[in-house]
Amino acid sequence: MINLLMNIRQPLKHLLLAVGRYTIYLPFQMLFSYVVGPILAVILMVGGIAVLMLILGYEDGIKVFRHEWRQSGALI
């Protein structure tokens, strides 16, 4: 009787763990891929440009960037 219960318990345990893993993993994967990823990319790009302008200074960084931006005809 004990062997029968152990034989039923082990596969059921593996099945429940697999279902639990996918119910936790997939929503977080979707959240990161479609929500957190683009937000993080925008923050890192803006921060990277800001650090670059800080390193280059006004004459070599900001002034040149503004001049090129105006010549490109960008909308923003």
Side-chain angles (χ1 to χ4, degrees):
M1 185 68 177
I2 292 177
N3 286 338
L4 180 64
L5 289 176
M6 292 301 286
N7 288 338
I8 293 172
R9 184 177 162 206
Q10 201 66 15
L12 186 60
K13 178 183 172 185
H14 287 294
L15 177 68
L16 288 175
L17 284 175
V19 169
R21 286 182 192 131
Y22 285 110
T23 57
I24 292 172
Y25 172 75
L26 289 178
F28 282 106
Q29 182 68 28
M30 297 291 268
L31 176 76
F32 185 80
S33 296
Y34 296 109
V35 177
V36 178
I39 292 171
L40 191 60
V42 168
I43 290 170
L44 290 176
M45 280 193 262
V46 170
I49 291 173
V51 169
L52 183 64
M53 295 299 157
L54 184 67
I55 292 170
L56 291 175
Y58 181 75
E59 290 293 323
D60 294 330
I62 297 172
K63 196 172 181 181
V64 173
F65 182 75
R66 284 183 181 167
H67 177 69
E68 292 297 326
W69 189 281
R70 288 185 183 123
Q71 281 188 348
S72 71
L75 296 175
I76 298 175

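From a predicted model like this one, the values you see are computed outputs, not experimental measurements.
A donor-acceptor pair is defined here as one N or O able to donate and one able to accept, closer than 3.5 Å; such a pair exists between the side chain of Thr23 and the backbone of Gly20.
No continuous path of hydrophobic side-chain contacts links Trp69 to Val64 [ILVMFWY only; heavy atoms under 4.5 Å].
Residues passing the side chain to side chain donor-acceptor pair (under 3.5 Å) test with Tyr25, sequence neighbours excluded: Gln29.
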Side-chain donor-acceptor distances from residues 34-55 under 3.5 Å, at least two apart:
none

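Here the CD1-NE2 distance, from Ile62 to His67, works out to 15.5 Å after rounding to the nearest 0.5 Å.
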